[in-house]
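What follows is a set of notes on a single structure, which appears directly below.
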Number of protein chains: 2
Amino acid sequence: MQEKLSSSLEDYLEVICNHIDKNKTVRAVDISKKLNVSRASVTEALKKLASKDMLLYDRYGSITMTEKGIKEAQRVVSKHTSLQKFFEKVLGLETEEASQNACRIEHVISEKAFEKISEFTENYIK
Amino acid sequence: MQEKLSSSLEDYLEVICNHIDKNKTVRAVDISKKLNVSRASVTEALKKLASKDMLLYDRYGSITMTEKGIKEAQRVVSKHTSLQKFFEKVLGLETEEASQNACRIEHVISEKAFEKISEFTENYIK
DNA sequence: ACAAAATGTTAGGCCTACCTTACAATATTC
DNA sequence: GAATATTGTAAGGTAGGCCTAACATTTTGT
């Protein structure tokens with residue numbers, strides 16, 4: 001399968017990556033709770049991510065991220081982190097609100113705009 | 001019908017409003033060109049917007065915005081304008097890139113975050 | 001070890017937003 | 001005032017992303 005992930009799949013990947021970092025493993029039900037979607041939707045997303053070589057898994061088996069998946073997830077997570085920092089430290093939003101905005105904007109902002117925001121934030125908080 | 005518009009419908013409304021402002025009228029084909037979608041998709045969107053009382057139109061008739069539609073469009077347009085200003089004046093992006101980012105982010109940013117960005121931009125360029 | 005509970009999957013359906021193709025109505029132009 | 005070009009619509013299809021209900025598998029507790 002091809003590369004570019006949808007916003008939705010990026011969200012799944014991000015959650016999976018974060019959960020594994022914290023707990024070593026991740027189950028469909030964890031993802032389902034975190035994203036407020038049904039377990040069935042998680043299964044569907046996992047199939048898609050697997051078909052795009054972002055992770056490995058088989059029916060009832062455990063979920064493992066591939067190199068490619070990890071790289072992709074890190075790209076998304078780092079975007080999230082920087083945006084969140086901007087909303088919190090520069091604009092002064094509450095953590096929760098900053099996170100929610102970061103989560104939605106990370107999928108649609110351009111590379112260039114993202115880099116500018118990061119730079120700006122770093123200079124600003126110095 | 002109910003209120004809240006999807007990102008997509010917000011885009012249609014914005015284009016319609018801008019086009020009317022500039023040219024007095026707007027046709028389906030203008031919208032289609034501006035948004036890079038088929039004329040058929042425009043018809044579909046117009047039906048939805050009409051059902052939500054955002055505009056008036058009938059088969060082969062001309063398109064007129066309602067009070068409600070104008071209000072809604074202005075809300076979206078003003079968001080777009082402020083965000084664009086932020087990307088251009090604060091971050092230093094090219095006009096085109098700033099506009100594209102504004103266009104995508106305007107649909108997902110929270111009210112509070114938007115207000116903060118506007119304020120910040122105004123203070124910054126002073 | 002085996003019943004009960006938790007978790008995962010499948011099937012089938014819904015909605016949005018897009019498309020193409022074919023046809024209908026309106027505008028233009030000779 | 002036709003013929004032609006432009007514009008608008010209807011029908012039917014695709015794809016993504018979600019759902020519920022029913023069923024399969026695995027885990028847990030005694």
Side-chain angles (χ1 to χ4, degrees), chain A residues 1-16 19-20 23-65 69 72 76 100 103-104 106-108, chain B residues 1-16 19-20 22-65 72 76 100 103-104 106-108:
Chain A
M1 268 258 169
Q2 36 117 329
E3 10 270 307
K4 202 71 176 79
L5 299 181
S6 64
S7 300
S8 172
L9 289 184
E10 282 187 353
D11 280 335
Y12 281 99
L13 203 59
E14 197 176 355
V15 165
I16 292 166
H19 202 282
I20 289 179
N23 313 274
K24 305 288 179 200
T25 58
V26 67
R27 294 167 310 161
V29 71
D30 303 320
I31 304 168
S32 138
K33 277 172 192 157
K34 188 72 184 176
L35 288 175
N36 278 310
V37 296
S38 69
R39 290 181 322 234
S41 297
V42 175
T43 300
E44 202 179 334
L46 289 174
K47 275 187 198 165
K48 284 186 197 157
L49 287 171
S51 84
K52 289 170 194 291
D53 298 320
M54 296 294 170
L55 46 82
L56 303 168
Y57 100 114
D58 350 64
R59 290 181 92 210
Y60 304 103
S62 70
I63 299 164
T64 322
M65 300 187 71
E72 190 63 19
V76 181
Q100 282 169 7
C103 197
R104 278 177 265 133
E106 72 194 18
H107 305 298
V108 301
Chain B
M1 267 255 168
Q2 35 119 326
E3 14 268 307
K4 202 70 175 82
L5 299 182
S6 64
S7 300
S8 172
L9 289 185
E10 282 187 352
D11 281 336
Y12 280 99
L13 203 59
E14 198 176 355
V15 165
I16 291 166
H19 202 281
I20 289 179
K22 276 193 221 133
N23 313 273
K24 306 287 178 200
T25 58
V26 67
R27 295 167 307 163
V29 70
D30 303 320
I31 304 169
S32 140
K33 277 174 190 155
K34 187 72 184 178
L35 288 175
N36 277 311
V37 296
S38 70
R39 289 177 325 223
S41 297
V42 175
T43 299
E44 203 178 333
L46 289 175
K47 275 187 200 164
K48 283 187 196 156
L49 288 171
S51 83
K52 289 170 195 291
D53 298 321
M54 298 292 170
L55 47 82
L56 302 169
Y57 99 114
D58 349 63
R59 292 182 89 207
Y60 304 104
S62 71
I63 300 163
T64 322
M65 300 187 71
E72 190 63 19
V76 180
Q100 282 168 6
C103 196
R104 278 178 263 132
E106 71 194 18
H107 305 298
V108 300

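To find a chain, count down the sequence lines: A is the first, B the second, and so on, and within it residues start at 1.
Within the 4.0 angstrom heavy-atom criterion, base atoms lie near A:Ala40. Nucleic acid contact class of A:Ser38 (heavy atoms, under 4.0 Å, all strands): base. Among the atoms of the strands shown, none is found under 4.0 Å from any heavy atom of A:Asp30. Here A:Asp11 lies out of heavy-atom contact (under 4.0 Å) with every strand. When heavy atoms are screened at a 4.0 angstrom cut-off, B:Ala45 is found touching no nucleic acid atom at all.
Residue A:Thr43 places at least one side-chain N or O under 4.0 Å from the OP1 or OP2 atom of C:dT9. At the phosphate of D:dA10, OP1 or OP2 sits under 4.0 Å from a side-chain N or O atom of B:Lys47. A:Tyr12 has a side-chain polar atom (N or O) that falls below the 4.0 Å cut-off from OP1 or OP2 of D:dC18. A:Lys48 has no side-chain polar atom (N or O) that falls below the 4.0 Å cut-off from OP1 or OP2 of D:dA15. For the OP1/OP2 pair of C:dA17 and a distance below 4.0 Å, the side-chain nitrogens and oxygens of B:Ser6 include at least one atom meeting the criterion.
Taking each heavy atom of A:Leu5 and A:Glu72 in turn, the nearest pair found is CD1-CG, 3.7 Å. Between B:Val29 and B:Arg39, the shortest heavy-atom contact is CG2-CD, 4.4 Å. Closest non-hydrogen pair, B:Lys4 versus B:Lys52, comes out as O-NZ, 4.3 Å. Here the shortest heavy-atom pairing between B:Tyr12 and B:Leu49 reads CB-CD1, 4.0 Å.
Comparing C:dC19, D:dC19, D:dT9 against the side chain of A:Ser41 picks out D:dC19 as the nearest. Here the nucleotide nearest the side chain of A:Ser8, chosen from D:dC18, C:dT9, D:dG8, is D:dC18.
Under the side chain to side chain contact (heavy atoms under 4.5 Å, CB included) test applied with B:Ile16, the options B:Thr64, B:Val42, B:Val26 reduce to a single match, B:Val26.
Mapping B:Arg27 and A:Leu9 onto DNA chain D by nearest heavy atom places B:Arg27 at the nucleotide closer to the 5' end.
Spacing between atom CG of B:Asp58 and atom P of D:dA10 amounts to 12 Å, rounded to whole angstrom units. Atom CG in B:Leu46 sits about 16 Å away from atom P in C:dT16, given to the nearest Å. Per the geometry, NE2 belonging to A:His107 stands 17 Å off P belonging to D:dG16, to the nearest Å. Look at CD on A:Glu44: it is 13 Å from P on D:dT20, rounded to the nearest Å. C:dA25 atom P lies 15 Å from atom OH of B:Tyr57, rounded to whole Å. In this structure, B:Asn36 atom CG and C:dT20 atom P are separated by 12 Å, rounded to whole Å. Note: NZ (B:Lys4) to C1' (C:dC15) measures 17 Å, nearest angstrom. Per the geometry, NZ belonging to B:Lys52 stands 13 Å off P belonging to C:dC15, to the nearest Å.
For C:dG8, its base sits under 3.5 Å from the side chain of A:Arg39 at one donor and acceptor pair at least.
Atoms CG and CG, from B:Leu13 and B:Leu46 in turn, are 10.0 Å apart once rounded to the nearest 0.5 Å.
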